[in-house]
Amino acid sequence: MPQKDSFQPIQITDELNKLLDVLPPNIYHHIKNHPECNHLIEVVMDLGRLPEARFSEYAIYLGTTSISAADLEYTIQRIGTFSDDNRAGIEKTLHRISAIRNRKGSVVGLTCRIGRAVFGSISIIRDLVEIGKSLLLLGRPGVGKTTALREIARVLADDFHKRVVIIDTSNEIAGDSDVPHPSIGKARRMQVSTPELQHKVMIEAVENHMPEVIVIDEIGTELEALAARTIAERGVQLVGTAHGNEIENLMKNPTLSDLVGGIQAVTLGDEEAKRRGCQKTVLERKAPPTFEIAVEMLERQKWSIHQDVAYTIDTLLRSGKPNTEIRTVNQDGEINIAQETFDDTELLKTPEYRQQPKTATQPRGWRASGKMIPIPSLRSKDANKLGETLEFDKLLDASWYQFENKDNGSKAKTFNLEGEDLPIYVYPYGIGRSHLEQVIKILQLPIMVTKDLDSADVVLALRSYLKNQSKLRQVTKMRQIPIHGVKSNTIPQITCTLQKLLGVSEMQVSKTADLRLFTRGDNDDELEALEEARLAIEQIVLPKCQPVELLPRSPKVRGMQHELIEHYRLQSDSSGEEPNRRLRIYPI
């Protein structure tokens, strides 16, 4: 989703000369003369080893002389005092110097990290920052979490005129000085004497200084996580970072899992366990997440967005894959938003499947030995159930041979839409792409799926995603592209929406469902189960208004049968215990 108007030019301030001035002369000259010194990330000085300069893609040694104790002392004398977390800084800069000590407490190594103020670096998530929800940044070291945190504080204080207080434990956000660095704008900064007191300073900030936003770097202990929850429950917006590359790492971390709601083991009752089709003891989210939005910083210009952390955690606990936004910034400054969707199906992945439609063979599974008996109604107690069962078996067997002999080379349907050029280009948002392509291919609809919003004629979006997507509505309105909402990410709902899009009324559509729409793979048993459900509906449930209980199936196949039954606008539920759990179809 290209977007130019919200992009702000990035400006970088690094004050590199002030860091070079504290380094030994031989290291200073090697870095100063390096053609890419402006891209330097850190300088490493270890006793008895060659000094090393690290860049984003590589590292080089600086000269051939090993670091001596005098070299380390030269730098230590020119920087600030080391705190309890072995970090120091340079007055009025954002640079950070971290020490490695031996068992006696003497410094034997220094890591000199270049601190940069990058103005305009959060344009990629500016819309999320301004809505006032608590925001958590995750990512590996060096990906730019603290830089983004500093810029978020400045934007909230200067652009949105909010009362922002930064809890700066190691003076990394606003610099090693009593006067904060200009990069944080009008935001206020509270220093922390020792890292162990960070949680107390967080509470103190709320109680004494009436902030609207609290900014915290590196939430790492259980007390800090508890303090963050306390702040969030007082109605203060939180912006922070935490240890972990992905939200799943945070969920599995017992110390920090409270940031995303916490995890607890729950024992279900017998009926609930049967309804869910799972074990009696399951993991569930304990409470609402402290942070409502989570951002995984995959790379400096590629971020993964979880706009509903509660939904993400619930999905992960059920062994699912949540749908996320992937936002990137290209070289032209365009912000591209793509919806990353996960789907269990293997359909449409192989060229062989795309070239020819699925055909069925004589069933070899449950139908080979089982019987499907309709549940007798009160009005038909004396009916000849045995005769009905045998008649239904004959119909089912005959249907398989008709299905095999069906002409696969059917011609494409013709559509005559007045004033509409075909095909119609659809941009999916939150819709399973494989489901969408499956419906288009099997129904032979004149629709093309596109990944480029500029070339789209219409946006097809999940209704639940549209509620909080004011940006999507704004962008489509600007481009004059209509949005069609889909109630749920199922085959019947997608099919119904596409037919409405093409102006095809229900009278023009065959009432008999194409079973290939509901399959998930190249499996005869799947088609067998769907054909069983279709015949039960068309031969018993609809004409005779009788409920029908189908043969036992796996959870995956029962899900396909549920979608087929929904296509006929009927109700169904599951009964029995695995592996004999089966579907029951009810008349209208």
Side-chain angles (χ1 to χ4, degrees), residues 5-19 80 87 89-96 113-137 139 143-192 198 201-202 204-206 208-219 228 231-232 235-241 291 293 295 297 300-301 303 327 329 333 335:
D5 43 354
S6 65
F7 178 77
Q8 296 178 352
I10 292 178
Q11 302 175 5
I12 301 176
T13 303
D14 59 12
E15 301 165 319
L16 182 60
N17 288 331
K18 292 186 178 181
L19 176 67
R87 292 181 177 181
I90 301 173
E91 189 80 9
K92 297 182 180 179
T93 73
L94 300 173
H95 306 309
R96 187 187 77 192
R113 173 76 66 86
I114 286 79
R116 292 183 171 90
V118 184
F119 298 91
S121 61
I122 64 155
S123 295
I124 193 171
I125 58 166
R126 189 182 176 93
D127 59 313
L128 303 179
V129 172
E130 67 184 46
I131 60 178
K133 292 184 178 181
S134 293
L135 180 69
L136 181 66
L137 303 178
V143 79
K145 297 191 298 296
T146 304
T147 303
L149 206 62
R150 188 183 299 121
E151 177 66 358
I152 289 173
R154 185 193 67 80
V155 168
L156 287 173
D158 292 0
D159 297 355
F160 298 105
H161 309 291
K162 292 189 176 183
R163 299 187 299 273
V164 180
V165 174
I166 299 171
I167 310 301
D168 203 357
T169 306
S170 58
N171 289 349
E172 191 176 357
I173 299 178
D176 192 43
S177 173
D178 290 340
V179 179
H181 194 274
S183 60
I184 67 169
K186 296 178 182 178
R188 303 179 72 188
R189 186 264 298 268
M190 293 183 66
Q191 300 186 46
V192 182
Q198 175 168 296
V201 179
M202 291 165 62
E204 179 188 338
V206 177
N208 293 351
H209 304 290
M210 206 169 61
E212 293 177 290
V213 183
I214 291 284
V215 177
I216 320 155
D217 196 11
E218 295 184 1
I219 301 174
I231 293 170
V236 178
Q237 180 184 358
L238 278 173
V239 182
T241 65
F291 291 90
I293 302 173
V295 177
M297 301 176 68
R300 288 191 176 272
Q301 300 297 337
W303 297 1
R327 299 190 180 188
V329 179
I335 301 171

Considering all heavy atoms of both residues, which atom of [X] and which atom of [Y] are nearest to each other, and what is their separation?
X      : Y      : result
Val165 : Pro211 : CG2-CB, 3.7 Å
Ile216 : Met202 : CD1-CE, 3.4 Å
Asp178 : Pro180 : O-CD, 3.6 Å
Ala148 : Met297 : CB-CE, 4.3 Å
Ile219 : Ala228 : CD1-CB, 4.5 Å
Ala187 : Ala153 : CB-O, 4.1 Å

If you measure from [atom1] on [X] to [atom2] on [Y], what distance do you get to the nearest 0.5 Å?
X      : Y      : atom1 : atom2 : value
Ile335 : Arg126 : CD1   : CZ    : 10.0 Å
Ile90  : Lys18  : CD1   : NZ    : 9.0 Å
Arg96  : Asn171 : CZ    : CG    : 11.5 Å
Leu128 : Ile293 : CG    : CD1   : 5.0 Å
Glu130 : Leu156 : CD    : CG    : 9.5 Å
Ile125 : Leu135 : CD1   : CG    : 5.0 Å

Test your reading of the model: is there a side-chain donor-acceptor pair from [X] to the backbone of [Y], 3.5 Å cut-off?
X      : Y      : result
Asp217 : Ile167 : no
Arg163 : Met210 : yes
Gln237 : Lys133 : yes
His95  : Ile114 : no
Asp168 : Ile173 : yes
Arg189 : Gly175 : yes

| said: Could you check whether any side-chain heavy atom of Val215 comes within less than 4.5 Å of a side-chain heavy atom of Ile184, counting everything from C-beta outward? | reply: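 They are not in contact (no side-chain heavy atoms under 4.5 Å apart), so the answer is no.
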
| For Lys162, does the NZ atom have more than 12 heavy-atom neighbours from other residues, nucleotides or ligands under 6.0 Å away? |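 Yes, because the 6.0 Å sphere around NZ of Lys162 holds more than 12 heavy atoms from other groups.
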
| field | Sequence-distant partners of Ser183, side-chain contact (heavy atoms from CB on, under 4.5 Å), two or more places apart | value |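 With neighbours one apart ignored, the set is Leu94, Ala117, Phe119, Arg150, His181.
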
| Step-by-step side chain to side chain donor-acceptor pair (under 3.5 Å) determination, Thr241 to Glu218 | CA-CA 5 Å; Thr241 65; Glu218 295 184 1; 6.0 Å; no

| request: Could I get the full list of side chain to side chain donor-acceptor pair (under 3.5 Å) partners for Asp127, not counting sequence neighbours? | output: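 Expected list: Arg327.
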
